[in-house]
Amino acid sequence: MDSSEEKRTRIPFKERPDWADVKPVPQDDGPCPVVPIAYTEDFSETMDYFRAIYLANERSPRALQLTAEAIQLNPGNYTVWQFRRVVLEALGVDLHEELKFVDRIAGENTKNYQIWHHRRWLAEKLGADAVTNELEFTKKIFSQDAKNYHAWSHRQWVLQALGGWEDELAYCQQLLEDDIYNNSAWNQRYFVVTRSPLLGGLAAMRESEVNYTVQAIRASPENESPWRYLRGLHKNDTQSLVEDSQVASVILDVLTSNNSHVHALSFLLDLLCHGFEPSQELKSAVDVLTPQSCSPDLALTKRVCSILELADPMRVKYWNWRKSTVPVQSATCQNTDRLADLCARMSDL
Amino acid sequence: MESRRVTKTLEDQWMVERQVREIYDYFYSIPPNSHLELQRDKHFDYLTRGLRKLGPSFSVLDANRPWLCYWILHSITLLGESVDAGLENDAIDFLTRCQDKNGAYGGGPGQMPHLATTYAAVNSLITLGSPKALSSINREKLHAFLLRMKDPSGGFRMHDGGELDVRACYTAISVASILNIVDDELIHGVGSFILSCQTYEGGIAGEPGAEAHGGYTFCGLAAMILINEVNRLDLPRLIDWVVFRQGVEGGFQGRTNKLVDGCYSFWQGAVAFLIQRLNLVVHEQLGLSNDLGTESDDSSESELSAEEEHLEVTSSHVQEICPPQEGQENASDTTKIADTGYEFINRPIAMQPLYDSMYLQQYVLLCSQVDGGFRDKPGKGRDHYHTCYCLSGLSIAQYSWTDEADSPPLPRDVFGLYSRNLVEQIHPLFNVELDRYYEARKYFSCL
């Protein structure tokens, strides 16, 4: 029975013969409750009967029906959901039917923790059978809201617990073609690349992923997502990042274009902190962007920070802090200079 | 790949930007008026009405009533107001009815206990603050509940048979910490679980693998600080992520390339604020304290000794309140696990805010504020949740340069009319008003 039918034909519990033996339990709100809600009569009555069944721990078909009605009235009531699970197990109900019930409720409530948790519980019980259905279901949600957090968590759980990885990378690709700014899709891409048992893992996938990401950057240089993704691809291997010519090349291209430079500069700053040796071309590109007020003697890392202070004024304090914490030279130069510094100090003594 | 075309993300973003720009253009074109001002009276009315009566549409929050209590009571307190004795008694009575006989609080009388509603109930009672309120909490049973919610993974489930995520970790640890019922068993494995939720972007997700998100980042960072394992997170990456969450509108977004929302003024703003007291750890992670002859070396040493001083002050302070009893184990060890919240707030703020705090305040007051309450963004309706978190975010922003013990914020750090707009100060780990926190700490220290 869907909810509109129920509104028309709902018979109060007190008039239902098969409920005559149950004494409803009113809510123990006390004489002067705070945040009191002006429940409708239907709501109060349903919850009074729920409390009776819950306290009696009655695990029967009518209890199941009651939880369905209570859930329709407030899908956020986790106590009712938990009790429903207890009843479902006790009755040994066919969980495929339960899935249909959840599908109906989910329509209006795509951001409700309880529904998604119940779906997860169901899928776990149904096992590998449920994979196609759950992947299809989440896909449907994404067609309306491609960033629904619960749906993405659910989809990830399904993949890890039950499988179905085969088309996932392709699905990410499709979502990114629809909207290259969809950070959830980028995050999913990372998830697949790092965790799919069908792919070789991050190190094996890195080159093709860098290729893909660099293309995305060229298409939308002001898009933060692929820049963060690019950093993520080299997470535990800054050496490969520093040596990747594709990365250096895209930074140069963005800095010499008319597009927003903020992410490119920020990325360059991180590279320099990891010991990147920039080409003369890249240094010249930075020179072009350096404000007049900057001393030409200022170390490259600090100069990049100065540019960012102007190019990204909202984060001026952040870039200022970065300026105070960046190394002034690349790592290879640092050791030589430390030695020179130490010698100089010793000669002062 | 196709060159840039208008995608849904861009469309949605431009629409919000346009609405916000209209608002800013309007307010800057007219002489300074009441909209640059916090509408205290209107907010107070909206809040107190909610405490007394809610319409049928609130039935969907019937399993969240302690949250409604907390959102409202906390907001009222931030405005520097309080509720009358009658209302206070009613609130304590109601929350006591939400307390399960086996410990912890459910969403309403007769409902199963739940970590989130427990957090809300405990914070509400601490906000009310009287001995009657504080003594109504059954700490032993609550502790037992927390242990039952503990999962082998190290995380916590929200309720019996419920979901497991970073929110559950925070609510459990926050409550245990503020009530002084933390122990090794509760803490064990939490840090590893939260660490596994830090994503490649730098922020923290609800579960391992999911997307970095402002709410979960606050929960994860705060919990890690409370259990003294914050150094395990990649803080420079986290900082880089959070500062980029402030949008052109001035407010914060929850995730990369999503829309601004007033509530993130707290979730993300507090993350940035917490970082300001973590400069020692951050510098260590950046390898700075090892550098020869740099400025930071000297300052980090003096900060270190200042911190040690504060720790000693902490232990001796507690011993003053609670004279050691016979047979009691080494009081200072237990203090250090249990008192991280206090120790943290006593650290000096040695970093300026890394985000634009005035611009955040501008977003909250001009875009989120309405006539009685606050909203997500223009075009959305007000609600008590957004009222709570917009005001909490405002507090964070106003006090972002104030060391706890010292003088109030300078006028230059407060947007709009200083005398009208200054709200009360919060404890950024628990999000309760600071004086209420101190009272609660005093009360629960001896138990």
Side-chain angles (χ1 to χ4, degrees), chain A residues 25 27-30 32-40 43 51 54 73-79 82 85 113 117 120 146-147 149 152-153 156 160 178-184 187 190-191 195 215-216 218-220 223-225 228-229 231-232 235 314-315 317-318 321 325 338 341-342 345, chain B residues 1-4 7-10 50-51 53-56 58-65 68-69 87 90-91 93-94 97 106 108-112 114 159-163 199-201 206-207 209-211 213 243-244 246 255-258 283 286 288 292-293 351-356 359:
Chain A
V25 174
Q27 183 160 281
D28 178 25
D29 245 12
C32 292
V34 289
V35 296
I37 298 169
Y39 308 115
T40 61
F43 189 100
R51 273 181 280 272
Y54 180 63
L73 291 167
N74 176 17
N77 194 318
Y78 58 91
T79 304
Q82 181 57 19
R85 285 188 279 277
Y113 276 103
H117 180 64
R120 196 182 284 207
K147 303 183 185 183
Y149 200 87
W152 279 114
S153 280
Q156 288 192 346
Q160 291 212 272
D178 290 343
D179 186 353
I180 192 76
Y181 297 82
N182 184 343
N183 197 64
S184 306
N187 185 77
Y190 195 82
F191 179 80
R195 295 173 193 239
Q215 274 186 70
R218 288 185 198 287
S220 56
N223 180 3
E224 191 179 334
S225 295
R228 289 213 179 265
Y229 189 77
R231 275 188 185 87
K235 199 159 116 155
M314 175 127 61
R315 277 166 278 277
K317 294 199 189 102
Y318 174 63
W321 174 72
T325 56
R338 271 200 193 126
D341 191 57
L342 187 55
R345 281 163 186 278
Chain B
M1 195 161 301
E2 285 177 53
S3 54
R4 175 173 139 165
T7 69
K8 182 150 199 320
T9 297
L10 289 180
L51 212 44
K53 196 165 104 160
L54 296 166
F58 281 85
S59 298
V60 294
L61 287 177
D62 187 42
N64 300 81
R65 288 170 70 196
L68 284 159
C69 283
L87 209 41
D90 293 342
D93 178 78
F94 172 71
R97 288 168 198 272
Q111 297 181 30
M112 253 169 67
H114 187 294
H159 60 83
D160 185 26
E163 66 271 21
T199 82
Y200 69 89
E201 289 194 82
E207 297 175 84
E211 201 181 349
H213 179 291
V243 298
F244 272 91
Q246 184 169 27
R255 305 179 248 165
T256 306
N257 282 334
K258 286 216 77 184
H283 283 199
L286 289 171
L288 285 179
L292 285 173
M351 270 165 91
Q352 58 173 341
L354 297 181
Y355 68 103
D356 190 330
Y359 204 14

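The shown structure was predicted, so the numbers you read here are calculated from the model rather than taken from an experiment. In what follows, every chain begins at residue 1, and chains take the letters A, B, ... in the order their sequences are listed.
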Problem - Non-hydrogen side-chain atoms of Leu10(B) and Tyr181(A) separated by less than 4.5 Å - result: yes

Practice task
Name the member of Cys32(A), Pro36(A), Gly232(A) that forms the most heavy-atom pairs with chain B at distances under 4.5 Å.
Solution key: Pro36(A)

Problem - pair Asn182(A)-Lys147(A): side-chain heavy atoms closer than 4.5 Å - result: yes

Handout entry: Largest heavy-atom contact set with chain B, pairs under 4.5 Å, which of Lys235(A), Arg120(A), Gln27(A), Gln82(A)
Key = Gln82(A)

Handout entry: salt bridge (charged side-chain N to carboxylate O under 4.0 Å, His left out) against Asp179(A), all qualifying residues, sequence neighbours excluded
Key = none

Fill in the blank from the handout: In terms of heavy-atom pairs under 4.5 Å with chain B, the winner among Ala146(A), Ser184(A), Pro75(A) is Ser184(A)

Problem - Check: Tyr113(A) main-chain N/O paired with Glu163(B) side-chain donor or acceptor under 3.5 Å - result: no

Exercise for the section: With a 4.5 Å cut-off on heavy-atom pairs, point out which of Asp356(B), Leu68(B), Asn64(B), Asn257(B) contacts chain A the most. Expected result: Asn257(B)

Problem - Side chain to side chain, Ser225(A) and Glu201(B), heavy atoms closer than 4.5 Å - result: no

Problem - Heavy-atom proximity to chain A below 4.5 Å, by part of Leu87(B) - result: both

Exercise for the section: Below 4.5 Å from any heavy atom of chain B, which atoms of Arg195(A) appear? Answer side chain, backbone, both or neither. Expected result: side chain

Exercise for the section: With a 4.5 angstrom heavy-atom cut-off, could you sort out which part of Tyr355(B) is near chain A: side chain, backbone, both or neither? Expected result: backbone

Problem - Contact winner vs chain A - His213(B), Glu211(B), Met351(B), heavy-atom pairs under 4.5 Å - result: Glu211(B)

Fill in the blank from the handout: With sequence neighbours left out, the residues meeting salt bridge (charged side-chain N to carboxylate O under 4.0 Å, His left out) with Arg315(A) are Asp312(A)

Exercise for the section: Name the member of Arg65(B), Lys8(B), Gln352(B) that forms the most heavy-atom pairs with chain A at distances under 4.5 Å. Expected result: Arg65(B)

Handout entry: Engaged part of Arg255(B) at the chain A interface, taking heavy atoms whose separation is under 4.5 Å
Key = side chain

Handout entry: Side chain to side chain, Asn183(A) and Lys258(B), heavy atoms closer than 4.5 Å
Key = no

Problem - Which atoms of Tyr54(A) approach chain B - backbone, side chain, both or neither, heavy atom under 4.5 Å - result: side chain

Problem - Test item: Tyr39(A) and Leu73(A) side chains (from C-beta on) under 4.5 Å apart, heavy atoms - result: no

Completion exercise
So, the part of Gln111(B) with a heavy atom under 4.5 Å from chain A: the answer is both

